[in-house]
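Order of the sequence lines fixes the chain letters, A, B, ..., with proteins taken first and strands second; residue numbering starts at 1 for each chain.
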Protein chains: 2
Amino acid sequence: MVVRNKATIADVARVAGVSTATAGRVLGGYGYTSDEMKDQVQKAARQLGYRPNALARGLITGKTRTLGVVAGDIQNPFYASVLRGISNVAEADGFGLLITNSDESRSKEVQSVELLAQKQVDGLIVTPSDTRKARHLHNLLSMEIPLVLIDRAVAGLSVDRVAADNIAAGEQAVRHLFEAGHRRIGIIAELVEDEGDGLAAFLARAASGDPMEAEALYPSWQRLLGYVRAHRIAGVAVDPRLVFRAGSYSAEAAQVGVPLLLGLSDPPTALFTTDGTMSEGAMRAITALNLSIPRDLSLVCFDDLDWMSFMQPGISTMSQPRLAMGEAAARMLLERIQGENCPPRTVLLPAELISRGSVLRRVLDPAV
Amino acid sequence: MVVRNKATIADVARVAGVSTATAGRVLGGYGYTSDEMKDQVQKAARQLGYRPNALARGLITGKTRTLGVVAGDIQNPFYASVLRGISNVAEADGFGLLITNSDESRSKEVQSVELLAQKQVDGLIVTPSDTRKARHLHNLLSMEIPLVLIDRAVAGLSVDRVAADNIAAGEQAVRHLFEAGHRRIGIIAELVEDEGDGLAAFLARAASGDPMEAEALYPSWQRLLGYVRAHRIAGVAVDPRLVFRAGSYSAEAAQVGVPLLLGLSDPPTALFTTDGTMSEGAMRAITALNLSIPRDLSLVCFDDLDWMSFMQPGISTMSQPRLAMGEAAARMLLERIQGENCPPRTVLLPAELISRGSVLRRVLDPAV
DNA sequence: CTGAAAGCGCTTACAG
DNA sequence: CTGAAAGCGCTTACAG
């Protein structure tokens with residue numbers, strides 16, 4: 001049972017006194033075999049400690065039962081949860097998971113995709129780092145390797161994807177603040193990439209009600225769009241000075257935004273932070289400034305990170321279903337691998353407002 | 001360049017007008033070839049969009065350049081960081097990473113190891129869920145598949161491993177509290193598995209200075225051991241009622257410990273929580289009870305989770321080098337794969353005390 | 001239902 | 001330096 005050198009089907013066949021074809025049939029679970037043969041072969045296999053070689057099987061069947069994932073950074077709670085979701089459904093179907101990090105860099109992503117393709121994964125789940133240039137992803141399609149996108153879309157790449165409904169989420173977060181009586185609401189957003197003609201132009205177009213091509217926007221831009229829409233609904237003009245663009249994806253970059261916004265001559269009474277990392281940065285600044293929430297500042301964050309529920313007071317936030325996003329993506333990918341042939345699907349999962357204690361109800365000044 | 005059907009070495013050879021052996025030699029980077037041949041073959045390969053099939057290569061070389069990892073739960077920040085560390089070094093060496101979750105269940109771990117072995121990983125990194133029964137891991141050794149353990153050791157399994165120095169860490173955390181003048185220090189620990197004859201016996205043996213077999217203890221028991229040692233050093237007897245055993249690995253289980261300890265007739269003035277999850281549970285309880293830290297209760301946690309640095313006040317904690325643990329494990333595994341043959345190594349990485357604002361300095365009652 | 005033979009896409013001795 | 005041939009460990013038609 002405990003055997004040093006790995007036994008092959010040929011070894012098992014020899015011991016069982018049958019052909020390799022027959023041994024393969026019972027061990028591989030394909031074709032027909034008599035019960036008698038089955039017993040013999042299984043006994044021999046057990047005796048030799050036979051373990052199928054997935055490489056050989058994959059080489060001949062053209063299927064590896066392995067999924068490839070290109071995540072931004074496993075260490076980030078967003079990706080960690082998404083990965084767990086993917087893992088849950090992959091595992092249930094006996095699929096393995098080959099995981100890489102792109103660190104949101106296009107070149108690392110290209111490298112990852114190449115590695116995974118060489119390892120012959122049956123399909124790929126990617127959070128694309130560039131929503132424009134994605135030849136490596138188009139290549140995948142032309143090689144008929146199924147692909148599912150998470151979190152971001154790629155312009156012109158028509159494939160299955162799952163994301164949070166970011167526009168609606170941004171709108172709901174800010175509407176919540178308006179309903180509590182806030183009128184000057186700051187937003188701290190990543191907004192790394194340029195969308196068109198810069199931030200000012202984007203705000204102007206969005207405020208004018210221009211039905212923009214919002215599908216392929218980066219999530220932070222979509223959430224900003226929701227922020228603008230909530231303003232339109234509330235009949236309040238967007239003040240561009242209240243929009244803080246971190247410009248890089250880090251808590252440190254977000255952190256500097258808080259004092260900047262609060263230093264305005266007419267400072268905001270509330271803040272909306274557009275993702276987990278931005279929220280963390282803002283929180284650091286709030287702690288450093290010794291501000292009391294919600295007395296000095298109201299706050300709605302994004303992503304339900306563990307600390308938000310046990311801060312004092314609890315932090316209200318838009319919770320996106322990270323686990324479910326991963327699960328949905330994996331399920332769609334598995335369907336494609338099994339031959340599903342319908343047109344590309346876009347699954348937008350709603351984020352949920354979790355209302356805790358970080359929003360102050362303001363009595364509106366009747367003069368305003 | 002963009003090609004529908006995947007080209008093989010045979011295709012490239014045909015186009016280049018050479019033998020498959022020659023094509024293989026230049027594409028695979030082994031053996032000698034003239035520059036002339038090289039050019040021809042590379043041109044043909046580019047033209048056909050040739051991509052090596054790692055399956056075929058792996059089948060023949062017996063090496064897949066893939067590492068397998070069995071983690072407890074990718075979603076847990078501890079594992080997420082460890083995985084990132086592993087990923088960093090694997091990636092630098094061009095290795096792929098096959099990742100599974102065990103959820104700390106032995107049967108899922110056995111299943112994961114089997115899957116990874118079938119996929120012919122070159123080596124495995126495992127956080128064993130059972131430090132006693134590990135036949136599946138012994139099997140790996142007898143098949144000469146390199147194995148590195150993280151966080152936990154397995155009794156009788158002599159392989160490379162890396163972990164935090166948990167005993168020293170526990171001791172330092174509690175000594176820190178003693179030095180601040182605390183005498184009654186509660187501890188909230190997982191302590192899921194039984195170590196020998198139960199908690200009481202363990203405490204008695206530890207307090208007597210018995211040089212225990214501490215190597216194969218679960219981390220939470222080791223940290224408890226450090227707690228006891230700090231008491232011996234301080235000359236304070238351990239009160240078993242101050243030891244809260246969560247008994248399951250969840251924040252909820254830890255959460256019930258805080259009111260229990262504080263409800264004692266002679267309650268603790270300080271708490272030591274022995275890992276990230278226990279810390280989170282304790283924090284939830286502290287928030288629920290509306291306690292002010294450190295006025296009502298002092299606190300030293302374990303693992304430097306992001307929220308600990310921006311709570312108000314900051315939470316003092318023992319920070320274990322999670323990333324470095326993953327990196328060290330991956331490096332050792334790679335060495336073994338490359339043939340390193342030295343005796344099994346144990347790498348104990350020190351945890352670092354990060355002192356923030358959660359410990360109150362107490363003036364000692366001169367009567368005591 | 002079973003077996004002999006071919007083949008998946010590579011690499012590896014072995015001649016030349 | 002190059003090529004013909006064998007083989008890694010399986011599965012898949014094809015006969016019987």
B:Gln118 CD to D:dG9 P, straight-line distance once rounded to whole Å: 15 Å
To the nearest Å, give me how far apart CG (A:Asn53) and C1' (C:dC10) are. 14 Å
For the residue pair A:Glu91 and B:Gln111, establish whether any side-chain heavy-atom pair is separated by less than 4.5 Å. no
Whether over 12 other heavy atoms sit under 6.0 Å from B:Glu36 CD: no
Report the distance from atom CG of A:Leu55 to atom C1' of D:dC8, rounded to the nearest whole Å. 10 Å
Can you tell me whether the side chain of A:Arg25 and the base of C:dG3 have a donor-acceptor pair closer than 3.5 Å? yes
A:Ser19-A:Thr22 side chain donor-acceptor pair, cut-off 3.5 Å: yes
Euclidean distance, atom CZ of residue A:Arg57 to atom P of D:dT12 [Å, nearest integer]: 10 Å
Has A:Ser19 got a side-chain N or O lying under 4.0 Å from the OP1 or OP2 atom of C:dG3? yes
I need the CZ-P distance between B:Arg14 and C:dG9, as an integer number of Å. 11 Å
Which base sits across from D:dC1 as a Watson-Crick or G-U pair, both distances under 3.5 Å? C:dG16
Considering only side-chain heavy atoms of A:Thr61, which listed nucleotide, D:dT2, D:dG7, D:dT11, is closest? D:dT11
Can you tell me how far C1' of D:dC10 sits from CG of B:Leu59, to the nearest Å? 8 Å
Rounded off to whole Å, could you give me the CG-to-P distance for the B:Asp35 and D:dC1 pair? 9 Å
Toward the 5' end of DNA chain C, by each residue's nearest nucleotide, B:Ala56 or B:Ala21: B:Ala56
Which heavy-atom pair separates B:Phe95 from B:Ile337 by the least distance, and what is that distance? CE2-CD1, 4.4 Å
B:Ile9 CD1 to C:dT11 C1': how many Å, rounded? 8 Å
Side chain of A:Ser34: nearest nucleotide among C:dC1, D:dC1, D:dC10? C:dC1
For B:Lys119 and B:Thr64, test the side chains for any donor-to-acceptor distance below 3.5 angstrom and give the result as yes or no. no
Can you find a side chain N or O atom of A:Tyr30 that sits less than 4.0 Å from OP1 or OP2 on D:dA13? no
Distance below 4.0 Å between A:Tyr32 side-chain N/O and D:dT12 OP1 or OP2: no
